[in-house]
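Each remark here refers to the structure printed beneath this line.
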Amino acid sequence: MEVPVSWLREYCDPALDSDQLSERLTMTGTKAERVFRWGPPSAEKYVVGRVLTADRHPNADRLKVCTVDVGDAQASTIVCGAPNVAGGQTVAVARPGAQLADGRVLEAAKLRGILSEGMILAEDELALGQDHTGTMVLADGVAPGTALGEVLPLGDDVIEFEITPNRPDCLSIYGIAREAHAATGAALAAPPWADDPLAGADGDAGGVRISVDCPDLCPRFTARVFEGVTLGPSPIWLRARLLAAGMRPISNVVDITNYAMLLTGQPLHAFDLDKVAGGRLTIRRARAGESLETLDGQTRELDPEMVVIEDGDGPTSIAAIMGGARSEVGESTTRVLLEAANWNGANIQRSALRLGLRSEASARFEKGLSPGQTAEAMAVATKLLIELAGASVLPGTIDVGGPGLPPAAIELRPQHVNELLGSDIAPSRCRGILAALEFAVDGDDERLLVTPPHFRARDVTRPVDLIEEVARIDGLDRLPATLPPRNGATGRLTHAQGLTRRLEDALGARGLSEIAGWSFTDPAILDRLRLAADDPMRNVVAIENPLSQSLSIMRPTLLSSLLDAAKLNLARGAQALQIFESASVYRAAASLADEHHGLGILLVGDSRASWRSREIACSDFYAAKALLEAVMAVAGVAFTLKREERAFLHPGRAASIHVDGTRLGIIGELHPQVAASWELPQTAVWLLNLDALAPLAPQTVTYASFGSFPALREDLAIVVAAERPAAEVIATVRAAAGPELESVELFDVFTGDQVGPGRVSLALHLEFRAGDRTLTAQEVADRRQAIAKALASNVGGELRA
Amino acid sequence: MSASDRISEVQDEAVAAIEAADDPEALERLRIQYLGRKAELPQLLRTIPQLEPAERAAIGAAGNAARGQIERALELKEADLAAGEIAADDAIDVSLPGAPSLPVGHVHLITQTRRDIEDVFLGLGFQVAEGPEVELVEYTFDALNTDVTHPSRARTDTFYIDDDTVLRVHTSPVQVRAMIAQPPPIYVIAPGRVYRPDNDATHTPQFHQVEGLAVDEGVTLADLKGTLLAFARAIFGPDRDVLLRPHFFPFTEPSVEVDVSCFNCDAGYMRDGSRCPLCKGSGWLEVLGAGMVDPNVFDYVREYGYDPDKVTGFAFGMGVERIAMLRHGVPDLRLYFDGDLRFLRQFGAR
């Protein structure tokens with residue numbers, strides 16, 4: 001809502017400048033977005049002039065050299081490009097030194113060899129119109145040299161307000177004036193509709209008939225009839241206000257409806273009554289399949305939730321949204337039917353949205369105006385049509401629906417105000433604030449009975465709504481800053497939340513970068529991941545109204561964003577990448593979605609360990625497994641891997657991750673076809689379900705004695721068939737080694753001639769310790785024998801000497 | 001000169017010479033010169049038995065002490081010179097990079113910022129609540145006093161899965177779930193990912209919020225102000241102030257927008273007098289929306305112990321991306337989600 005400040009001050013004129021006023025209104029809930037200057041920044045050097053002579057410029061066909069009396073002893077020479085400039089005209093002149101609307105300062109300058117001492121102005125140069133074709137000719141009788149500001153509105157401050165949707169009453173100059181009154185205490189002038197020329201006059205409004213078939217959607221429809229209307233341009237002051245408020249002047253009749261709307265907040269519509277077939281209007285729901293050509297020439301399909309206005313020849317307009325061309329006012333108009341109606345806001349909002357049509361009027365109606373506003377706008381427009389368009393109004397106001405029920409009184413305990421706000425506001429202050437906002441206040445200091453004005457009836461229905469009014473006008477800056485009682489509050493992360501942080505930090509500490517990818521992905525990813533038709537990952541959550549097809553499903557795996565990020569970074573020059581993501585993944589479910597918090601890593605590219613090492617850090621299965629071991633150790637759980645083929649993983653290099661019999665995720669190298677689809681070399685990943693892991697991770701660690709007796713160390717080299725999993729060999733060793741085996745570490749894997757074809761040598765480092773004694777060499781030798789026996793019988797292994 | 005004077009003179013001379021020696025050969029020559037078979041001190045010591053008995057003890061003790069001092073000086077100097085040789089022989093180029101290199105990883109800037117915010121509220125006694133991102137329309141809108149005609153429910157403003165299910169547009173439904181799960185008093189924050197169909201430099205279709213809810217007996221708007229003041233100072237610096245401006249939200253009444261005083265300037269202007277680019281000269285940064293929980297929201301969860309006549313509460317919500325943007329000067333929110341490490345790594349080494 002753009003409010004020209006001079007217009008606002010006509011109704012409420014606080015002793016504050018525009019910036020101070022906008023600040024005060026912001027702090028009371030009417031947020032000023034910006035304050036800007038409309039028109040020339042200053043009226044200085046703008047004067048009235050009289051053109052004495054206007055002759056053709058000797059060096060330019062389209063220019064004239066004028067002598068202009070600007071009130072000085074000597075006339076000024078001004079070069080002018082306007083074709084209509086002529087001797088004898090009274091004109092607006094900017095003299096050298098004047099600040100123009102665009103911020104430039106006018107200087108005397110030679111134009112085609114002749115010094116021009118100023119500028120004869122067109123309307124647009126004063127921001128008083130859009131006309132640039134000719135000089136603005138003023139009425140005669142004003143002495144040359146008179147300050148132009150005494151004759152014309154010359155520039156204005158404009159405050160642009162953001163009006164919240166609960167306050168459509170503030171989408172008006174008078175509404176803002178009311179707020180300024182309550183916020184500053186400055187006097188509020190009587191409303192502009194106070195002197196309705198037709199107040200109380202009975203009549204049948206020229207016999208025009210209005211019927212409303214859908215009162216639920218059109219609670220009130222009022223109309224008046226005007227005759228003897230002379231269509232023409234509006235006077236400059238009116239055009240200036242519309243322009244400063246951001247509206248385009250069109251003709252006096254249309255401008256008056258817009259002016260009345262800006263002043264009161266209530267949109268109006270003017271029909272050419274001679275083009276209203278049958279002199280009657282019917283307001284009804286559209287019929288199924290009905291369509292209508294709107295003013296913009298488009299044919300609109302309507303549905304029965306939309307409201308049309310029809311005359312004797314059928315529908316002419318979509319109610320509250322767009323008028324029809326058939327009954328529009330034009331140059332030939334002499335009789336006007338003026339409509340001010342109240343519509344169901346929710347219905348208008350829906351219709352405007354369905355039709356993709358939003359107008360200044362519909363934007364107001366959809367917020368839900370008060371039926372009382374129709375009479376206010378009608379009074380303002382009536383007065384102006386009489387004054388400015390030569391109209392006479394026929395007696396009688398058609399009023400279908402009436403103003404509705406008066407708002408009910410609300411009970412407010414002033415103590416409740418302070419209980420909710422934590423403030424110390426006296427009952428008298430509550431009364432004063434509410435009264436300034438035009439609420440009727442009754443009752444005593446224990447219990448106020450407050451009745452909202454009609455224009456706040458929708459917005460204020462409960463005590464808490466009144467408390468908000470008191471709070472905002474009293475000033476939120478006066479509130480103390482306290483902390484809530486916090487009865488029983490304990491601020492701590494849950495076990496799962498703390499674990500998630502620790503695991504993320506564990507990966508970050510090992511050099512991985514966390515990414516935050518899109519939750520949305522492309523359904524095509526399911527094929528790129530080679531998923532079978534019945535793969536459960538195809539059971540995705542699809543968005544009905546996605547931004548695009550490529551963002552139309554919720555990712556069923558973190559792989560989508562990890563792979564996209566890997567591709568992007570490699571394309572931008574990265575050689576190797578270690579990234580992780582910690583976020584939700586989604587599968588379709590009977591209700592809502594099956595969501596879990598996933599943690600996944602991706603390693604791609606090879607890099608040298610350092611400048612002094614030839615060793616290459618590969619992005620292979622074991623590199624990923626080392627990071628899995630790290631996070632599982634941080635989580636405090638022991639895990640096992642089981643070979644498991646997944647369509648997107650290398651069939652020989654993939655496994656599922658298990659803890660205590662629960663499957664928590666997968667690990668593997670990407671299937672080469674999948675890697676190729678993202679243009680990646682060898683890539684390793686793992687994906688974990690943290691929601692499933694958290695309950696398995698210990699919350700507290702209980703002390704275990706580490707013993708005071710020395711450990712005995714024993715190294716074993718075990719030769720087994722190459723396809724025998726190392727985990728089985730280790731499990732056999734553990735089982736056979738007895739309770740004193742403290743730890744097993746695999747420190748070498750060796751194949752070659754010494755161990756024979758198809759065989760592999762695994763080197764294990766064992767530590768034995770007893771809690772109650774020092775183990776003897778003989779005891780360990782016995783264990784070794786037991787291990788050898790178990791290996792031979794269980795895994796076909798043998799100990800190398 | 002007495003014998004004892006001479007002994008002390010020889011000791012001083014020897015120790016000085018030893019300290020001045022700068023190579024092992026010179027040191028060896030000094031050892032022979034002062035302690036060798038023909039040297040003065042050993043010779044003197046050998047003559048002690050011939051001295052008067054009254055002198056023997058004193059001279060003997062002095063002589064032996066002097067020999068000890070010289071031997072000790074030689075030892076120290078020898079160790080010194082040896083150490084010097086180690087340094088000379090084993091010098092390295094200290095300017096080479098450390099090896100093996102240990103890359104600095106990091107959590108995402110959004111994660112860092114979200115955790116910072118969580119930690120402030122954990123310290124104030126709030127718990128962290130979570131909930132689904134694919135959420136019921138009922139919990140997203142109906143429970144929050146957002147009636148069926150509210151524009152935020154339109155398909156232009158909300159992603160729908162079906163007529164009853166949406167991608168949550170705020171984390172407020174987590175507050176509803178928290179209230180259903182736990183009677184008052186309740187102090188929770190709800191951080192999480194939310195979705196709206198916008199896509200430009202300042203709006204991404206996914207972003208992160210932290211919302212908060214406090215419901216207890218006697219919670220006031222002044223308590224909200226104090227809580228957010230504590231938050232603002234923890235996140236933006238100890239000198240920050242907050243400004244509450246009246247506003248409108250369906251789920252709170254009264255509702256406020258909350259500005260935090262700009263940390264980048266002095267009341268809108270930089271030291272050189274230019275307008276602050278961060279707050280655009282206003283001196284305030286718009287950071288969050290908040291208010292007192294609307295009684296209609298309590299009505300929805302009344303059966304779980306939320307009687308609007310007995311308890312009051314406040315709620316607030318903020319955007320994690322916006323706070324990270326303000327603190328770190330990130331110009332385009334899309335950078336957060338592209339996964340370009342040239343962006344993400346800048347915030348790694350904190």
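In what follows, every chain begins at residue 1, and chains take the letters A, B, ... in the order their sequences are listed.
Of the listed residues (B:T165, B:I189, B:T312, B:T227), the greatest number of heavy-atom pairs within a distance under 4.5 Å of chain A belongs to B:T227. Comparing B:V107, B:L344, B:V219 by heavy-atom pairs within less than 4.5 Å of chain A, the highest count is held by B:V107. Your options are B:M292, B:H247, B:E135, B:E133, and the one with the most heavy-atom pairs under 4.5 Å with chain A is B:E133. In terms of heavy-atom pairs under 4.5 Å with chain B, the best-connected choice from A:D505, A:N347, A:N418, A:I467 is A:D505. In terms of heavy-atom pairs under 4.5 angstrom with chain B, the leader among A:E468, A:Q578, A:E581, A:R492 is A:E468. For the set B:A222, B:G98, B:P254, B:G339, the entry with the most heavy-atom pairs within less than 4.5 Å of chain A is B:A222. In terms of heavy-atom pairs under 4.5 angstrom with chain A, the leader among B:L136, B:V188, B:D147, B:L341 is B:L341. For the set B:P100, B:G218, B:G125, the entry with the most heavy-atom pairs within less than 4.5 Å of chain A is B:G125. Of the listed residues (A:R472, A:E615, A:E514, A:R572), the greatest number of heavy-atom pairs within a distance under 4.5 Å of chain B belongs to A:E514. Between chain B and the residues A:G488, A:G517, A:A565, the largest count of heavy-atom pairs under 4.5 Å involves A:G517.
Atom-to-atom distance recorded for A:I515:CD1 and B:I110:CD1 is 13.0 Å, nearest 0.5 angstrom. Atoms OG1 and CG, on B:T220 and A:L483 in that order, are 10.0 Å from each other to the nearest 0.5 Å. If you take NE2 on A:H416 and CG on B:D309, they are separated by 8.0 Å, rounding to the nearest 0.5 Å. Annotation: the span from A:L493 atom CG to B:R115 atom CZ amounts to 9.5 Å, rounded to 0.5 Å. Between the OG1 atom in A:T494 and the CD atom in B:Q127 there is a gap of 9.0 Å [rounded to 0.5 Å]. Rounding to the nearest 0.5 Å gives a distance of 12.0 Å between OG1 of B:T158 and CD1 of A:I543.
Only the side chain of B:L243 has a heavy atom closer than 4.5 Å to any heavy atom of chain A. Heavy atoms closer than 4.5 Å to chain B are found nowhere in A:L562, neither backbone nor side chain. The part of B:E217 that comes within reach of chain A is its backbone (N, CA, C, O), which places non-hydrogen atoms under 4.5 angstrom from that chain. Of the atoms belonging to B:Y160, heavy atoms from both backbone and side chain fall under 4.5 Å from chain A. Of the two parts of B:F126, only the backbone, made up of N, CA, C and O, holds a non-hydrogen atom closer than 4.5 Å to a non-hydrogen atom of chain A. Proximity to chain B involves both the backbone and the side chain of A:A516, based on heavy atoms less than 4.5 angstrom apart. With a 4.5 Å cut-off on non-hydrogen atoms, B:F314 touches chain A through its side chain but not through its backbone. There is no contact between B:D259 and chain A, counting heavy-atom distances below 4.5 Å. Both the backbone and the side chain of B:S101 come within contact range of chain A, with heavy atoms under 4.5 Å apart. When heavy atoms are compared at a cutoff of 4.5 Å, B:L229 approaches chain A solely by way of its side chain, counted from C-beta outward. Within the 4.5 angstrom heavy-atom criterion, atoms from both the backbone and the side chain of A:D465 approach chain B. When heavy atoms are compared at a cutoff of 4.5 Å, B:H208 does not approach chain A at all. Looking at B:V256, only its side chain comes within 4.5 Å of chain A, counting heavy atoms on both sides. At a 4.5 Å heavy-atom cutoff, the contact between A:E162 and chain B is made by side-chain atoms alone. With a 4.5 angstrom heavy-atom cutoff, A:V541 touches chain B only via side-chain atoms.
Side chain to side chain, B:E118 and A:Q497 fail the donor-acceptor criterion of an N or O pair below 3.5 Å. Counting only N and O atoms by type, the side chains of A:E504 and B:T111 include no donor and acceptor under 3.5 Å apart. Side-chain atoms of A:S519 and B:R193 form a donor-acceptor pair, as typed in the model, at a separation below 3.5 Å.
A side-chain donor-acceptor contact under 3.5 Å links A:E595 to the backbone of B:V134. Side-chain atoms of A:N545 never come within 3.5 Å of backbone atoms of B:T156 as a donor-acceptor pair (strictly under, hydrogens ignored). A distance-only check finds no donor-acceptor pair linking the side chain of B:R245 to the backbone of A:T26 [under 3.5 Å]. B:D216 contributes no side-chain N or O that, together with a main-chain N or O of A:P485, makes up a donor-acceptor pair within less than 3.5 Å. Between the side chain of A:R612 and the backbone N or O of B:A99, at least one donor-acceptor pair lies under 3.5 Å.
With a 6.0 Å radius and a threshold of 12 heavy atoms from other residues, nucleotides or ligands, B:R155 has its CZ atom above the threshold. No more than 12 heavy atoms of other residues, nucleotides or ligands lie within 6.0 Å of CD in A:E23, so this atom counts as exposed by the packing criterion. No more than 12 heavy atoms of other residues, nucleotides or ligands shown are found within 6.0 angstrom of CZ on A:R354.
At a threshold of 4.5 Å between non-hydrogen side-chain atoms, the residues B:D340 and A:L568 count as touching. The shortest side-chain heavy-atom distance between A:H597 and B:E130 does not fall under the 4.5 Å cut-off. Looking at B:K225 and A:L476, their side chains never come closer than 4.5 Å, going by heavy atoms from C-beta outward. With a 4.5 Å cut-off on side-chain heavy atoms, A:S513 and B:R345 count as touching. A:L547 places a side-chain heavy atom less than 4.5 Å from the side chain of B:P205. Side chains of A:N487 and B:P184 form no contact here, defined as non-hydrogen atoms less than 4.5 Å apart. For the pair A:L592/B:Y139, no side-chain contact is recorded, criterion being any heavy-atom separation below 4.5 Å from C-beta on. Side-chain atoms of B:F248 and A:R167, non-hydrogen and from C-beta on, never get closer than 4.5 Å to each other.
One finds a salt bridge joining B:D294 and A:R462 here, because a Lys/Arg side-chain nitrogen approaches an Asp/Glu carboxylate oxygen to under 4.0 Å. Remark: A:R501 engages B:D119 in a salt bridge, criterion side-chain N to carboxylate O under 4.0 Å.
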### Task
Could you walk me through whether B:F159 and A:L551 pass the side chain to side chain contact (heavy atoms under 4.5 Å, CB included) test, one step at a time?
CA-CA 11 Å; B:F159 288 115; A:L551 299 171; over 6 Å; no
### Task
Show your reasoning for whether side chain to side chain contact (heavy atoms under 4.5 Å, CB included) applies to A:E544 and B:D162.
CA-CA 7 Å; A:E544 279 190 1; B:D162 58 42; 4.0 Å; yes
### Task
Would you check, one step at a time, whether the test side chain to side chain contact (heavy atoms under 4.5 Å, CB included) holds for B:L244 with A:D477?
CA-CA 7 Å; B:L244 271 55; A:D477 53 332; over 6 Å; no
### Message
Quick one, A:M554 with B:L167, criterion side chain to side chain contact (heavy atoms under 4.5 Å, CB included). Give me CA distance, side-chain angles, the key distance, then yes/no.
### Response
CA-CA 10 Å; A:M554 299 302 281; B:L167 299 184; 3.7 Å; yes
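By the 30° and 60° cut-offs, the orientation of the rings of B:Y195 relative to A:F520 is perpendicular.
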